[in-house]
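What follows is a set of notes on a single structure, which appears directly below.
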Amino acid sequence: TASLVPPAAPIDLSAADEARLREALKRCSPATIDAARRFRQSGDLDCVPVIVRGVIERFVERERRPKLEAPGADLRLVEDLGIDSLTMMEIVMLAEEALPVTIANEELRFLRTLGDVEQFIGCKLRGIPPPPPRQSVGWYLDDVKAAHESIQSAPKADSPGNAPSA
């Protein structure tokens, strides 16, 4: 079992701390809440994937949630789960409430898959730098910008220079 710096003895959450945690995660599954509580008590990093997936599931449309039941690390946030940049910010805010981690907006740029998110948060919790991004392109907003530029630069079918020759 991997753990953050393990405490000498289990730490009991105060009733107020547990109530705040339950309130923050109230729309998450009971398994997510339990994993967050266990993580807070023990620092057990094996709880982190359950927390991450539960927080993400909270914001994913119902019809896409089955993809999170037995996901692979290559499950894509945008294409497979329909997560946009605003939703990603909501996920980050909830993850910061559930875990002792702070995530800067710039750090989100290269998180494209569930595996990227889990690895990134695991590294943050261990206090080690995450691995370098596998792709040179940034995250969702960069994708939108690239798609927009591609559409803008594509020849128009009805423009005079593109008329079919007779």
Side-chain angles (χ1 to χ4, degrees), residues 1-135 138-142:
T1 297
S3 64
L4 197 56
V5 181
I11 300 169
D12 286 325
L13 287 174
S14 71
D17 289 339
E18 187 161 348
R20 278 191 295 276
L21 184 62
R22 286 185 180 281
E23 178 63 23
L25 299 174
K26 68 184 173 191
R27 291 187 180 96
C28 293
S29 70
T32 304
I33 295 168
D34 184 56
R37 186 184 49 74
R38 283 185 291 123
F39 177 82
R40 292 256 182 113
Q41 290 174 327
S42 67
D44 183 357
L45 290 175
D46 289 340
C47 296
V48 173
V50 175
I51 299 166
V52 168
R53 291 172 191 192
V55 167
I56 289 173
E57 179 184 39
R58 152 75 178 83
F59 293 97
V60 171
E61 295 171 8
R62 254 187 229 295
E63 63 271 6
R64 294 184 186 225
R65 288 182 184 169
K67 294 178 181 183
L68 284 164
E69 289 174 9
D74 59 345
L75 186 67
R76 299 169 301 174
L77 301 174
V78 175
E79 298 88 345
D80 298 331
L81 297 177
I83 295 173
D84 61 22
S85 57
L86 178 59
T87 303
M88 191 64 174
M89 293 305 304
E90 291 176 305
I91 289 168
V92 165
M93 291 184 333
L94 188 53
E96 288 177 336
E97 287 186 59
L99 297 162
V101 66
T102 301
I103 303 167
N105 291 348
E106 184 60 30
E107 293 175 306
L108 300 176
R109 292 180 54 84
F110 299 102
L111 302 179
R112 293 188 174 275
T113 67
L114 180 62
D116 292 343
V117 174
E118 290 174 345
Q119 182 178 38
F120 173 78
I121 290 179
C123 287
K124 292 281 278 191
L125 291 170
R126 288 179 181 91
I128 60 174
R134 291 178 290 165
Q135 299 168 321
W139 195 68
Y140 181 76
L141 291 178
D142 294 328

Problem - salt bridge (Lys or Arg N to Asp or Glu O under 4.0 Å): pairs with one or both residues in residues 65-77, sequence neighbours excluded - result: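 Qualifying pairs: Arg76-Asp80.
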
(request) Among residues two or more places apart or on two chains, list those pairs meeting salt bridge (Lys or Arg N to Asp or Glu O under 4.0 Å) that have a residue in residues 91-108. (result)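 Output for this query lists Glu106-Arg109, Glu107-Lys124.
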
Indicate the atoms forming the closest heavy-atom contact of [X] with [Y], along with that distance.
X: Cys123; Y: Pro131; answer: SG-CD, 4.0 Å
X: Asp116; Y: Phe110; answer: OD2-O, 3.6 Å
X: Pro71; Y: Arg53; answer: CG-NH1, 3.4 Å
X: Val92; Y: Leu108; answer: CG2-CD2, 3.5 Å
X: Leu25; Y: Ala98; answer: CD2-CB, 4.0 Å

Measure the spacing between [atom1] of [X] and [atom2] of [Y] and express it to the nearest 0.5 Å.
X: Glu57; Y: Ser29; atom1: CD; atom2: OG; answer: 6.0 Å
X: Leu94; Y: Cys28; atom1: CG; atom2: SG; answer: 5.0 Å
X: Ile83; Y: Ile91; atom1: CD1; atom2: CD1; answer: 4.0 Å
X: Leu77; Y: Ser85; atom1: CG; atom2: OG; answer: 12.0 Å
X: Phe39; Y: Asp44; atom1: CZ; atom2: CG; answer: 8.5 Å
X: Leu81; Y: Leu75; atom1: CG; atom2: CG; answer: 4.0 Å

Those residues at least two apart in sequence (or on a different chain) that pass salt bridge (charged side-chain N to carboxylate O under 4.0 Å, His left out) with Asp17 are Arg20

* Going through the checks in order, is the salt bridge (Lys or Arg N to Asp or Glu O under 4.0 Å) test met by Glu90 and Arg58? -> CA-CA 10 Å; Glu90 291 176 305; Arg58 152 75 178 83; over 6 Å; no

Quiz item: Between the main-chain N or O of Ile51 and the side-chain N or O of Thr32, is there a donor-acceptor pair closer than 3.5 Å?
Solution: no

Salt-bridge criterion met for Glu18 and Arg22 (N-O under 4.0 Å):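 A salt bridge is present here (some side-chain N lies under 4.0 Å from a carboxylate O).
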
Passes side chain to side chain contact (heavy atoms under 4.5 Å, CB included), Asp84 versus Val78? Steps please.
CA-CA 6 Å; Asp84 61 22; Val78 175; over 6 Å; no

- Item | Gln119 side chain reached by Pro130 side chain, heavy atoms, under 4.5 Å | no

Under 4.5 Å between any side-chain heavy atoms of Asp34 and Val50, yes or no?
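No, side chains not in contact.
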
TODO: List the steps, then state whether side chain to side chain contact (heavy atoms under 4.5 Å, CB included) holds for Leu125 with Leu45.
DONE: CA-CA 8 Å; Leu125 291 170; Leu45 290 175; 3.9 Å; yes

